[in-house]
There are 2 protein chains.
Amino acid sequence: MYIRIIERLMPFQMYSKELLKGTLKPIILKLLSEKESMYGYEIVQAVKELSAGKIVIKEGSLYPLLHSLTKDGTLEAEAVMIGKRIRKYYRLSQKGKTVTTESLSELQNFIKTIEQIIYPKEGDYAFKN
Amino acid sequence: MYIRIIERLMPFQMYSKELLKGTLKPIILKLLSEKESMYGYEIVQAVKELSAGKIVIKEGSLYPLLHSLTKDGTLEAEAVMIGKRIRKYYRLSQKGKTVTTESLSELQNFIKTIEQIIYPKEGDYAFKN
DNA sequence: CGAATATACATAGATTTATGATGTATTACA
DNA sequence: TGTAATACATCATAAATCTATGTATATTCG
């Protein structure tokens with residue numbers, strides 16, 4: 001309760017959430033392609049670390065996404081009891097591996113296209129002036 | 001009328017619209033920073049060309065965005081009659097130039113972060129396995 | 001020891017951004 | 001002459017994420 005309030009008072013500067021849209025899925029799939037399996041909280045921590053604190057996935061984004069990816073057969077889930085606490089491990093299904101490849105290549109391609117526009121090579125802005 | 005139907009039947013493959021989210025604004029601002037002024041239709045064509053047809057901004061996205069950027073003082077608009085047809089030219093305001101710099105650097109920074117995750121350097125995935 | 005923090009899951013509702021569908025009208029071209 | 005291109009506009013809808021909230025266990029530190 002207190003925590004939530006403090007978090008709101010001291011939001012550390014991340015990216016405007018809009019930029020994230022469409023990138024969460026490939027990011028998560030990429031992580032899962034690097035490890036056998038991961039659980040939700042672990043994914044949040046890993047992304048935070050890999051992005052130097054700049055991308056902090058919210059639970060409200062992550063859990064629904066993991067559920068829907070499981071439902072559509074991209075992921076397979078397995079619940080494990082750690083002491084009295086539950087933990088859900090997710091792994092890529094066979095289909096998930098294909099989805100990952102496609103999702104990543106779309107993202108990579110998209111980034112290239114954006115870069116083409118924001119870092120133009122000489123002559124790209126032929127219409128200039 | 002016919003056109004609309006055909007367009008729906010032959011949607012040429014662009015990026016899933018979600019990826020675009022958050023990038024349209026910086027892209028448009030970037031274009032406007034390269035030219036004195038542009039009008040809506042011209043922006044759509046320029047983005048299409050610069051992206052080799054991969055990014056086709058829809059009117060339903062562009063015009064409301066241009067309006068809101070004008071309303072918040074980022075852009076200045078000027079209507080011109082071309083024959084009997086109207087054309088609205090947009091240019092960056094002084095404030096708009098600052099907004100452009102900020103918006104572009106946020107996008108560039110964001111892309112770098114994403115690349116860090118999807119093209120990891122040796123050791124980045126220290127947690128691996 | 002007790003309180004704060006970290007771990008770990010979950011979901012409902014609000015927000016944001018872009019699109020789809022539609023409308024109007026002029027101009028160019030074949 | 002009619003089809004495509006130019007050029008504006010708006011409303012309803014969709015999709016993705018976040019905010020806010022809830023629950024509960026485990027760890028750490030003063």
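Basis for what follows: all heavy atoms, side chains included, without hydrogens, waters or symmetry-related copies. Throughout, protein chains are lettered first and strands after them, A, B, ... in sequence-line order, and every chain is numbered starting at 1. Quick caveat, the model's predicted, so the values are computed rather than measured.
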Is a side-chain N or O of A/Gln116 found less than 3.5 angstrom from the main chain of B/Leu50, in a donor-acceptor match? yes
Can you tell which of D/dC8, C/dA10, D/dA9 lies closest to the side chain of B/Lys88? D/dA9
Under 4.0 Å between any heavy atoms, over every strand shown, what does B/Arg85 touch: base, sugar-phosphate, or nothing? Just pick one. base
How would you list, by chain and number, every residue that makes a side chain to side chain contact (heavy atoms under 4.5 Å, CB included) with A/Ser37, sequence neighbours excluded? A/Tyr89, A/Arg91
Measuring from the side chain of A/Tyr41 (C-beta onward, heavy atoms only), which nucleotide among C/dT17, D/dC8, C/dT7 has the closest atom? C/dT7
Starting at the 5' end of DNA chain C, which residue's closest nucleotide do you reach first, A/Gly60 or A/Arg87? A/Arg87
For DNA chain C, the residues among residues 72-81 of chain B that have a non-hydrogen atom under 4.0 Å from it: none
Give one of base, sugar-phosphate or nothing for A/Lys84, where a contact means two heavy atoms less than 4.0 Å apart. sugar-phosphate
Which is true for A/Ile57 with a 4.0 Å heavy-atom rule: it touches a base, it touches only sugar-phosphate, or it touches nothing? nothing
Rounded to 10°, tell me the angle between the two end axes of the helix from C/dC1-D/dG30 to C/dA30-D/dT1, each built from five pairs. 30°
Rounded interatomic separation in angstrom, taking CZ from A/Phe110 and P from D/dA16: 14 Å
So, is B/Tyr39 close to the D/dA7 phosphate, meaning a side-chain N or O under 4.0 Å from OP1 or OP2? yes
Using a strict threshold of under 4.0 Å (side-chain N to carboxylate O), is an ion pair present between A/Lys35 and A/Glu42? yes
Here the distance between atom P of D/dA5 and atom NZ of B/Lys48, to the nearest Å, is 9 Å
Does the side chain of A/His67 get closer than 4.0 angstrom to OP1 or OP2 of C/dT11 through an N or O atom? yes
Among C/dT19, C/dC9, D/dT19, the one nearest any side-chain atom of A/Lys58 is D/dT19
Is there a donor-acceptor contact under 3.5 Å from the side chain of A/Lys58 to the main chain of A/Val56? yes
Has the side chain of B/Lys21 got a donor or acceptor atom sitting under 3.5 Å from an opposite partner on the base of C/dT16? no
Whole-Å distance, A/Tyr90 OH to C/dA10 C1', equals 10 Å
In this structure, how many angstroms lie between the C1' atom of C/dT19 and the CD atom of B/Glu59, rounded? 11 Å
Is the side chain of A/Lys97 donor-acceptor paired with the backbone N or O of A/Thr74 at a distance under 3.5 Å, no angle test? no
Starting at atom CD of A/Gln45, determine the distance to atom P of C/dT5, rounded to an integer number of angstrom. 16 Å
Does B/Glu115, at its CD atom, have more than 12 non-hydrogen atoms belonging to other residues, nucleotides or ligands within less than 6.0 Å? yes
B/Lys84 side chain vs B/Ile82 backbone, donor-acceptor pair below 3.5 Å: no
Rounded distance in Å - CD (B/Glu18) to P (C/dT19): 10 Å
Interatomic distance, A/Glu49 CD vs C/dT7 C1' [rounded to whole Å]: 16 Å
Go nucleotide by nucleotide along DNA chain D from the 5' end; which of A/Ile82 and A/Leu65 gets its closest nucleotide reached first? A/Leu65
For B/Lys112, is the NZ atom crowded, meaning more than 12 foreign heavy atoms sit under 6.0 Å from it? no
Just wondering, more than 12 heavy atoms not from A/Lys30 lying within 6.0 Å of its NZ? yes
Output yes when a side-chain donor or acceptor of A/Ser51 lies under 3.5 Å from a complementary backbone atom of B/Thr113, and no otherwise. no
Separation of C/dA10 atom P from A/Leu62 atom CG, nearest Å, is 9 Å
Does a side-chain N or O of B/Tyr63 approach OP1 or OP2 of D/dC8 to a distance below 4.0 Å, or not? yes
